[in-house]
Amino acid sequence: MASIVVFFLSLAAGVATGQPSLLPPSPPPSRACDIPAIYNFGDSNSDTGGIAAAFYPPGPPSGETFFKRPVGRASDGRLIIDFVAEKLGLSYLSAYLDSIKADYTHGANFATGGATIRRVNESWFVNDVSPFSLDIQVEQFNQFKDRTIYLPEDFAKAIYTIDIGQNDIAYCFRTLGVEASRAAIPDIVNQFATSIQQLYGKGARAFWIHNTGPIGCLPVTYAKIHDPPRGYLDKTGCVAGQNVVATEFNKQLKAKVIQLRSDLAGAVLTYVDMYSAKYQLIANAKDQGFNKWSTICCGYHDSDEDVYCGNQGKINGTEVFAGSCKDPTKVISWDGVHYTEAANNWIAIHITDGSFSDPPFSILETCPNHISVS
Ligand SMILES: *[C@@H]1O[C@H](CO)[C@@H](O)[C@H](O)[C@H]1NC(C)=O
Ligand SMILES: *[C@@H]1O[C@H](CO)[C@@H](O)[C@H](O)[C@H]1NC(C)=O
C-alpha cells in the first residue's frame with residue numbers, strides 16, 4: 001500500500017567542517033538595472049548556512065562538487081540562490097546567523113532549513129522545524145537594516161528574493177492529512193503577505209517570489225511507495241494528491257501577489273512559477289540529460305529503512321555510509337528532498353531569464369519603478 005511520508009526541507013545533522021567560502025562570482029553580466037544587493041528569505045531551498053550556523057552543520061559529502069567541503073547548503077554544490085547571485089554579478093550570500101567570515105556587502109540571507117511561513121507547533125527537535133519562521137526572518141532583516149549605517153540606498157535598490165512554503169504544506173500533511181490541508185492555505189498565504197508588507201514598510205521595492213515546488217515529487221517519498229492504488233501517482237510518478245495541494249497553494253499565492261501589486265505603490269513583484277520549472281525538469285529528466293527523476297544521489301531509502309545523506313546506518317542488514325553517487329551531474333535529487341547543483345543550475349537558468357515569471361522579465365530587469373532603467 002502507498003503511504004504518505006513527508007519530509008522537511010532541512011539539513012541533516014552532521015559534523016562541522018568548515019565555513020561557506022565567498023569565492024569570486026563569474027564576471028558581472030551587463031545589467032538592465034543596478035541591483036547592489038540581495039536579501040533572501042526562505043527554507044533549505046535557499047539556505048546558504050543559516051541553520052547550519054544555528055544548529056548542526058551538515059557534514060560530507062555535502063558541498064563536494066563545487067565548494068569541495070560542506071558549506072551549510074543542502075546540496076553537493078550551489079543552490080539556485082547562488083546562481084541568482086552569480087547572474088547579478090554579486091558574491092554568494094552569507095547567512096545572517098553566521099558570525100564567522102560573514103560578508104554582507106551585497107546582501108544577506110535570512111533563509112533557514114526547515115523554515116515555515118507560519119509559526120507551527122513543532123520545533124527543530126521535533127521534525128526539524130526551524131525556529132526562524134518567515135516573520136522572524138523579517139524581524140532579523142529589520143534588525144540588520146536598523147544596525148547598518150552604510151549604503152542605505154542599497155536597501156531600496158536591492159532585490160528581495162523569497163522561496164518558502166513547502167514546509168508549511170508538509171506540516172499540514174503531517175497534522176491534518178493531505179485532504180484537509182487545503183483549508184489552511186488562506187491563512188498561510190495571508191501571513192506570507194503580511195511579511196511582504198512589512199518588508200515594503202522597511203523600504204523593499206523589488207520582490208522576486210518563488211512559488212512552491214512539486215512536493216509530491218520527492219524521491220524519498222517515492223522510494224517508499226509500493227503497489228499504489230490507481231490514481232495515487234500521476235503519469236510522472238509523483239503523488240498526485242500532494243501536488244494538488246501545492247498547486248492550490250500556488251494559485252492562492254499568485255492571486256495574493258497580484259493583490260499586493262495594487263496595494264504596494266511603486267513595488268515590483270515578480271511571481272516565479274518554480275513548481276512548473278521543477279516539474280518540467282522532473283518530467284523530462286532523460287531529455288535534459290539526467291537519470292530518472294526518482295534517483296537519489298546521496299542516501300539509502302526503502303520502505304522501512306532510511307540512511308540519510310552523510311549518515312551512517314544499516315540498510316538490508318548491512319552497515320553503510322550514505323555518501324555521494326559517482327556522478328552528481330547526472331542526478332536531479334541530491335538527498336531525496338533537495339536538488340543537486342546540476343539540477344539547481346538547470347532550474348536557475350530557466351527561471352532567471354523570465355520564462356517562468358509573471359511578468360515575464362529577466363531577473364536583470366527586475367527594477368523598482370523609481371529606479372531608472374539604463
Ligand atoms: C498550534 O496550537 C495552537 C493551540 O492549540 C492552535 O491554536 C494553533 O492553530 C496551532 N497552529 C498550527 C499552525 O497548527
Ligand atoms: C534492500 O534489499 C531489497 C531486496 O533485495 C532491494 O530491493 C533494495 O533495493 C535494497 N535496498 C537498498 C537501499 O539497497
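Both counts, for ligands and for their atoms, begin at 1 and track the order of listing. Residue indices begin at 1 and follow the sequence shown. Both backbone and side-chain heavy atoms feed into the values below; hydrogens, waters and symmetry mates do not.
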(request) Salt-bridge test for Asp306 and Lys224: reply yes if a basic N is under 4.0 Å from a carboxylate O, no otherwise. (result) yes
(message) Parallel, tilted or perpendicular, judged at 30° and 60°: which one describes the rings of Phe41 and Tyr160?
(response)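 Rings of Phe41 and Tyr160: parallel, under 30°.
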(request) Decide whether a cation-pi geometry holds between Arg78 and Phe66; the criteria are a distance under 6.0 Å from NZ or CZ to the six-membered ring centre and an angle within 45° of the ring axis. (result) yes
(request) Indicate, with yes or no, if the rings of Tyr200 and Phe207 have centres closer together than 6.0 Å. (result)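 Not close enough - the centres of the two rings lie 6.0 Å or further apart.
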(request) Check whether the ring centres of Tyr308 and His301 lie less than 6.0 Å apart, and answer yes or no. (result)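 Yes.
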(message) Quick test: of every protein heavy atom, which one is nearest to atom 14 (O) of ligand 1, and how far off is it to 0.1 Å?
(response)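 Checked against all protein heavy atoms, atom 14 (O) of ligand 1 sits closest to Tyr171 OH, 3.0 Å.
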(request) Provide the number and element of each atom of ligand 1 under 4.0 Å from a heavy atom of Arg119. (result)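 What qualifies from ligand 1 is 13 (C).
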(request) Kindly state if atom 5 (O) of ligand 1 has a protein heavy atom within a strict 4.0 Å cut-off, that is, under 4.0 Å? (result) no
(message) For ligand 1 and Arg118, I'd like to know whether there is a polar contact (N/O to N/O, distance under 3.5 Å).
(response) no
(request) Would you check whether Asn121 has a nitrogen or oxygen atom less than 3.5 angstrom from a nitrogen or oxygen atom of ligand 1? (result)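 Yes; at least one N/O pair falls below 3.5 Å.
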